[in-house]
Amino acid sequence: MSAESERAERLTELRQKFGRKPLAPGEETIPHSPREAQPKFRGLDSGHRACQGCGEALAARLVMESAGPDVMIANATGCLEVFTTPWPQSAWRVPWVHSLFENAAAVASGMEAAMKAQGKNTKVLAFGGDGGTYDIGFQALSGMLERYHNVLYVCYDNEAYMNTGIQRSSSTPHSATTTTSPAGKERMGKRHLKKDLLSIIAAHHIPYAASASVAFPADLQRKVRYAMGIDGPTFLVIHSPCPLGWKHASALTIQVARRAVECGLFPLVEIERGALTNVMPIRDVRPVTDYLSIQGRFSHLMDTEDTRAEEERAHLQALADYNIQVFSLQGDGEDPVDTGGSAAVGRSGHAARRA
Amino acid sequence: MLKALEGSQAIARAVALCRPDVVAAYPITPQTHIVENLSRLVADGEMHTEFVSVESEFSAASVVLGAAAAGSRAYTATASQGVLLMAEVLFNIAGMRIPLVMTVANRAVSAPLSIWNDHSDSMAVRDSGWIQLHAADNQEAVDTTIQAFRIAQETELPVMVCMDGFILTHTLEPIELPAQSAVDGWLPPYQFSRKLDPGDPKSLGTLVAPDFFAEVRHSHHAAMIKALDVIEEIDREWHAFTGRRCGGLLEVTGDPDAKIGILAMGSTFGTIETGMEHAGPDTGSARLLKLRAYRPFPAEALRKAAEGLDHLIVIDRAISPGMGGIVGTEVAAVLADVPGAPRIHNHALGLGGRDIPETIYADLMATISDPDAPAFSVFDADPEKLDPEDR
Ligand SMILES: Cc1ncc(C[n+]2csc(CCOP(=O)(O)OP(=O)(O)O)c2C)c(N)n1
Ligand code: SF4
Ligand SMILES: [Mg+2]
């Protein structure tokens, strides 16, 4: 079989698995649920006040497209909350509540309990930044997962506290600079590793936990649709570049996010009940410097004269190599397939049901 | 029918009668028996509610916030450290004007660690914007709990029902519990005008810039002031319905012609009442003021109740270090511009569970004729136990 036809076959296989299938002649087109009946839906509308090129705004829009209108959201304090709801305006077209920084998971638990008590199927989503998830809201999140609430928790990971002006979080990568982990004569940025949150989440043995990236929207949306279909706690962490905090051009958001995946520093994986069930393969693994060099937060690592910079680069490369090894990310010649295709986004409709 | 029930058990049953859809609570002495009794009612199928067994008080308050916002009647209970851990959420609930009911089994706040009763916990969240009602006995605690669900709903304000830890929560008393059908008839189903609903999506808890914030606080304050009438009216209706009342905002008993008044909140009131009954003829009688609604503060009712008094002794079960009594300071402020207002004598008593004996009545009355009595004191502190420089 030629490489070409092999590739076509693999694409077909993936599309059949995840994409929207053509209707068979005479097949029912009647929607199965109110969610499926909705026309193309934008839960997060335009006109909000995110910075240009904000990865978080893009990620939230994609999540909402796939989640559909029959949802309600508990949103933690952070950029997403602030830029979408300056009173009396709101960019949300679904019921949405913001309470505090560290309690989105608990507020969502209560909303879900209310839906259960009322006998309704409206899916509850919880949104938080990395600060609200890896750090201050961690306990409430663990409680929500342990109690097995039917909530999809989405963490928009931009690797720092952006809303308060770029301070380090436990998700900030090693050696990245923030205003509380600056690089100076004595220090090369953050001195601690990015917390392996997904493993901790997976240790709760919830039905589904996955990582996604704004650079792979169809993959992201497939994961949202899959999680939406599960009756139980699910978790999605989305790598969402922040041009302001990462110090890259606004137009480079997708490229930066793509390179994070391609170098192995942000692996895209799916974990079901604690077991790894899928990874996004990387065809041509990039060196981490391709990722680091286009962001100002790592500029202190680019000094070729400084041996400390060399050490830090080697350290980050080793972390990426480790990910590639433990998750077997090295692909067998295929690109990460844009599964389903962005045009097949069914507002959590047909594609989701058949996935 | 009267039934002998422990305070906590009675509260759990009263809550069950109000049919909350969602209950979330975390155990802490002396509130624990309430959570345990509720869990038992759920396990035995006597209460149909989503019981969310949270991992902290912070989440308990957050869960009920989410549930009430999503259109379900919700309830929680806590005490002491739990109130403080909830503090951020409590302000948030009130600021969002979410109708919720919470029992506080009043307990001292650490350090030093004390599991015993005083009012430091609910006082610490005095300015959160919750309605705070104090129960003087367990029947009042039961009746106030049921009333609280209606008050919360009618005012769109959260209501804290304060009952003294151990003194009430762990005491067995004969309690009259209304029938389920009676409560069903009296308490309408839960409604929240801004509830989260995919059919009519709203955003709650948005960012408010300086151009609107003052108006939000203004209307919250106005709503609290309006709630004064609602609290009185609902207690009146309850009286017509059950024959029992809890004293509205502020109840006056004792000797109406007395020149000395004593004001207290919670179970201390009963101690003072009995103390007066049992006191010798030389002690004299007093007008007794039972402050039930602490927030909103019934300034008008207090002015009326204090008319004709020369002295008013105000009992605090908490202290604001560096200032003195909390209720006492507020009472003084309310009466400040009243011509001929009584002189205020403010004492903190029973801190950290120090027993308040009936004889406290005579001891307090004696201070009036003592020219050296301080305007504020921790009344029952024993100087013998203190270093000389701390006395
Ligand atoms: C208890 C508490 N502490 C601190 C803050 C201040 N604060 C608001 S948002 C934020 C950081 C948000 O970071 P993250 O969750 O990563 O969201 P991002 O803004 O980066 O999207 C902080 C520290 C707060 N609101 N509440
Ligand atoms: S600071 Fe970053 S996360 Fe916040 S709105 Fe701007 S780009 Fe988005
Ligand atoms: Mg962040």
S.K.: Please classify the contact of V64(B) with chain A as side chain, backbone, both or neither, using a heavy-atom distance under 4.5 Å.
M.R.: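 No part of it gets close to chain A.
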
S.K.: Considering all heavy atoms of both residues, which atom of G82(B) and which atom of I28(B) are nearest to each other, and what is their separation?
M.R.: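 Minimum heavy-atom separation between G82(B) and I28(B): N-CD1, 3.7 Å.
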
S.K.: Regarding E56(A) and S240(A), is there a side-chain donor-to-acceptor distance under 3.5 Å anywhere?
M.R.: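 On atom types as modelled, these side chains do not qualify, holding no pair under 3.5 Å.
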
S.K.: How about the chain A/chain B donor-acceptor pairs under 3.5 Å, what are they, with distances?
M.R.:
from    : atom 1 : to      : atom 2 : distance (Å)
T85(A)  : O      : L207(B) : N      : 3.1
W87(A)  : N      : L207(B) : O      : 2.8
S90(A)  : OG     : S203(B) : OG     : 2.5
W96(A)  : N      : K202(B) : O      : 3.0
W96(A)  : O      : L204(B) : N      : 2.8
H98(A)  : N      : L204(B) : O      : 2.9
H98(A)  : ND1    : G205(B) : O      : 2.8
S99(A)  : O      : N92(B)  : ND2    : 3.0
S99(A)  : OG     : N92(B)  : OD1    : 2.7
N103(A) : ND2    : S62(B)  : OG     : 3.0
Q118(A) : NE2    : A70(B)  : O      : 3.0
Q118(A) : NE2    : G71(B)  : O      : 3.2
Q118(A) : NE2    : S72(B)  : OG     : 2.9
Q139(A) : NE2    : S56(B)  : OG     : 3.4
R147(A) : NH1    : E55(B)  : OE1    : 2.9

S.K.: Heavy-atom pairs under 4.5 Å with chain A - which of G95(B), A60(B), A61(B), A67(B) has more of them than the others?
M.R.: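 The option with the most such pairs is A67(B).
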
S.K.: Is the positively charged end of K223(A) above the ring of Y208(A), judged by distance under 6.0 angstrom from the centroid and angle within 45° of the axis?
M.R.: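 Pair K223(A)/Y208(A) does not count as cation-pi.
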
S.K.: Within a reach of under 6.0 Å around CZ of F213(B), are more than 12 heavy atoms found that belong to other residues, nucleotides or ligands?
M.R.: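 Open: at most 12 neighbouring heavy atoms sit under 6.0 Å from CZ of F213(B).
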
S.K.: I would like to know whether Q167(A) and T180(A) meet side chain to side chain donor-acceptor pair (under 3.5 Å); could you show each step before the answer?
M.R.: CA-CA 5 Å; Q167(A) 294 83 30; T180(A) 50; over 6 Å; no

S.K.: Please name the pair of heavy atoms, one in A68(B) and one in A74(B), separated by the smallest distance, quoted to 0.1 Å.
M.R.: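 Minimum heavy-atom separation between A68(B) and A74(B): N-CB, 4.4 Å.
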
S.K.: Where does A74(A) contact chain B at under 4.5 Å (heavy atoms): side chain, backbone, both or neither?
M.R.: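 Contact with chain B: none, neither part.
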
S.K.: Work out which heavy atom in A227(B) is nearest to a heavy atom in I131(B); give both atom names and the distance.
M.R.: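 Between these two residues, the closest heavy atoms are CB-CD1, 4.0 Å.
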
